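Have a look at the structure below, then the notes.
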Number of protein chains: 2
Amino acid sequence: MKPLYHPAAADITVEGILYALSDPVRVRIYAEIVRSDCPRTCSNFLRIDDRTLPKSTLSQHFKVLREAGLIRSERKGVEMRNTSRCEELRERFGDMVGAIIDAYKEQFARQDAAARRETPEV
Amino acid sequence: MKPLYHPAAADITVEGILYALSDPVRVRIYAEIVRSDCPRTCSNFLRIDDRTLPKSTLSQHFKVLREAGLIRSERKGVEMRNTSRCEELRERFGDMVGAIIDAYKEQFARQDAAARRETPEV
DNA sequence: TTTTGTGGTTCGGGAATTACGAACAAATAG
DNA sequence: CTATTTGTTCGTAATTCCCGAACCACAAAA
């Protein structure tokens, strides 16, 4: 099986990060990886945001996150342990990634609130 | 001619902004608009980053920036005045956009430095 | 050791986007 | 009016994206 490509910290680009995080599904995944203590696997996200995603699609999303430099993936037996590269990113980009995640969090909260207003619970 | 669509501040999304700024050409344009005192026009950017861009492509880039909510465009005679929507963006997203621009600035500086090392001037 | 199961990747093709040349539109100058 | 300048729209080729099907690697069961 092909080795997993991870860019060196110096090769991580802003455009790569922004592109990776410009997809709501990928952000949900990334935010959960950041938030979580233990590493997350691909199949932790088969259901996300009320949608069921095929695993081929998920695999692609993880690849994008990995090759953008946002996460580190290690095979551990059958599964893949994904962890965030926080420290390296902060080192290189200051609080940019944090600011993005925060902005998304607020947006998701708004959207959830709006949805709840539409459908005021069953 | 069709009216120009500008999203209301409340309708600006994080993913829209990240996507718009995940293209190096668009970032150069946006950064220049932010930096500049007077409004910038489309044809200010026919040459950018050592490439010549067709104006149809440029027009699309401006449209993406506008519809993401990053810039405001007003027809003034034959040309289009583009200004940044800084205040609204800061209001809504804090320092996210600023952090992105700063990160890009540093990256561009690095890349220019690396290029100069390759070609140590004629 | 074969079989079965699980987690994930790769491949292929249709759908959706993107880039850009050509034609067009609107304002202004001569 | 005609010519110029600035920018948009349209059509199409090229690229990218999504997802089902097939596949690969490892582990545990038989």
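What you are looking at is a predicted structure, and each value in this text was computed from that prediction instead of being measured. The chains referred to below are lettered A, B, ... by the order of the sequence lines, with proteins before strands, and numbering in each begins at 1.
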Q) In terms of side-chain heavy atoms of A:Thr41, which of C:dT10, C:dG8, C:dT9 is nearest? A) C:dG8
Q: Indicate, with a heavy-atom threshold strictly under 4.0 Å, whether A:Ser43 touches base, sugar-phosphate, or nothing.
A: sugar-phosphate
Under 3.5 Å, sequence neighbours excluded: what are the donor-acceptor pairs made by side chains of residues 11-18 of chain A?
from    : atom 1 : to       : atom 2 : distance (Å)
A:Thr13 : OG1    : A:Gly16  : N      : 3.0
A:Glu15 : OE1    : B:Gln107 : NE2    : 2.8

Q | Separation of A:Phe45 CZ from A:Arg28 CZ (nearest 0.5 Å) | A | 11.5 Å
Q | For atom OH of B:Tyr5 and atom P of D:dT8, their distance in whole Å | A | 17 Å
Q) CG of B:Leu53 versus P of D:dT8: gap in Å, rounded? A) 14 Å
**Q.** Minimal non-hydrogen separation, A:Ile33 against A:Ser84, with atom names
**A.** CG2-N, 3.6 Å
Q: Verify side-chain contact (heavy atoms from CB on, under 4.5 Å) between A:Met80 and A:Leu4, making sure each step is shown before the conclusion.
A: CA-CA 11 Å; A:Met80 186 85 91; A:Leu4 299 170; 3.7 Å; yes
Q: Measure the distance from CZ on A:Arg26 to P on D:dC18 and round it to the nearest whole Å.
A: 7 Å
Q) Could you state the NZ-P distance from B:Lys55 to C:dA23, rounded to the nearest angstrom? A) 13 Å
(Q) In this structure, how many angstroms lie between the C1' atom of D:dA21 and the CG atom of A:Leu58, rounded? (A) 17 Å
Q) Between C:dA29 atom C1' and B:Glu79 atom CD, what is the distance in whole Å? A) 15 Å
Q) Of the non-hydrogen atoms in A:Leu21 and A:Tyr104, which two are nearest, and what is the gap between them? A) O-OH, 2.7 Å
Q: May I have the distance from A:Gln60 (atom CD) to D:dG20 (atom P), rounded to whole angstrom?
A: 14 Å
Q.
Looking at C:dA19, I'd like to know if its phosphate oxygens (OP1 or OP2) sit under 4.0 Å from a side-chain N or O belonging to B:Thr57.
A. no
Q) Between C:dT9, C:dT18, C:dA19, which nucleotide gets closest to the side-chain atoms of B:Tyr19? A) C:dT18
Q.
By nearest atom, which of the nucleotides D:dT5, C:dT9, D:dC26 is closest to the A:Val78 side chain?
A. D:dC26
Q: Round to the nearest Å and state the distance from A:Phe45 atom CZ to D:dC18 atom P.
A: 17 Å
Q | Earlier contact from the 5' end, DNA chain D, for A:Gly77 and A:His61 | A | A:His61
Q: May I ask you to verify whether the side chain of B:Ser59 and the base of D:dG7 hold a donor-acceptor pair under 3.5 Å?
A: no
